[in-house]
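Accompanying notes for the structure given below.
Only a predicted model underlies this, so the values are computations on that prediction, with no experimental measurement involved.
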Amino acid sequence: MIDHARSGFGVDIILQSLPEYSIKFIQMGWGEIHDSVKRGVVDAETDVYEGEGEFYYSNDYIGYVNYAISRKIDNIDINNVADLVGHHVIAWKGAYRDLGPDYHRLFSPGAPGSKDYIEMQDSKEQVQGFWKKG
């Protein structure tokens, strides 16, 4: 979703799939979504893959491929997750739980890569942090 959840691929899929409903989208950070449904702030969520218990979870309809991106000027050779340790790493909130066992082992709180690791809710802040000299 982009443009404060007014457009994007996910918005188009949902609107075309549920034309009989009046839908208002609210964009929020990953860490806020589950609790917002529980508290009744929103009626439904999308693009969240975890969960058991009180909510109904649909089949996946969008897939993601994650990449590690570095600035060319930093001349960093990244071939696997372990190559990120010792470099400044910025990811989304909860990424250490989402990106597999190697990433979890290296970047969870207290792990070897956690010293230079930051998780941020806001994608705009992630991009600004990426471009800061570090």
- Message: Within the supplied structure, the quantity of interest is the number of heavy atoms (other residues, nucleotides, ligands) at a distance under 6.0 Å from D74 CG; does it exceed 12?
- Response: yes
- Query: Counting only heavy atoms not in N80, do more than 12 fall under 6.0 Å of its CG?
  - Reply: yes
- Task: Indicate yes or no: at least one non-hydrogen side-chain atom of D83 is less than 4.5 angstrom from one of D77.
- Result: no
- Message: With heavy-atom distances below 4.5 Å as the criterion, would you say the side chains of I14 and I23 are in contact?
- Response: yes
Rounded to the nearest 0.5 Å, how far apart are [atom1] of [X] and [atom2] of [Y]?
X: Q121; Y: Q126; atom1: CD; atom2: CD; answer: 9.0 Å
X: I90; Y: F130; atom1: CD1; atom2: CZ; answer: 8.5 Å
X: L18; Y: I13; atom1: CG; atom2: CD1; answer: 11.0 Å
X: L15; Y: S22; atom1: CG; atom2: OG; answer: 9.5 Å

- Starting from the C-alpha separation in whole Å, work towards a yes-or-no answer on side-chain contact (heavy atoms from CB on, under 4.5 Å) for W92 and M120. CA-CA 5 Å; W92 64 88; M120 297 178 167; over 6 Å; no
- Message: For D122, give me all partners under salt bridge (Lys or Arg N to Asp or Glu O under 4.0 Å), at least two apart in sequence or on another chain.
- Response: none
- Message: Before you tell me yes or no, could you show the steps for I118 and V89 under side-chain contact (heavy atoms from CB on, under 4.5 Å), namely the whole-Å CA-CA distance, both residues' side-chain angles and the distance that decides it to 0.1 Å?
- Response: CA-CA 6 Å; I118 303 168; V89 176; over 6 Å; no
Without placing hydrogens or testing angles, list every side-chain donor-acceptor pair under 3.5 Å for residues 100-116, not counting sequence neighbours.
from : atom 1 : to   : atom 2 : distance (Å)
Y103 : OH     : Y117 : OH     : 3.3
S108 : OG     : H104 : O      : 2.8
S114 : OG     : G110 : N      : 3.4
S114 : OG     : A111 : N      : 3.4
S114 : OG     : A111 : O      : 2.7

- Item | Backbone N/O of Y96 and side chain of E119: donor-acceptor pair under 3.5 Å | yes
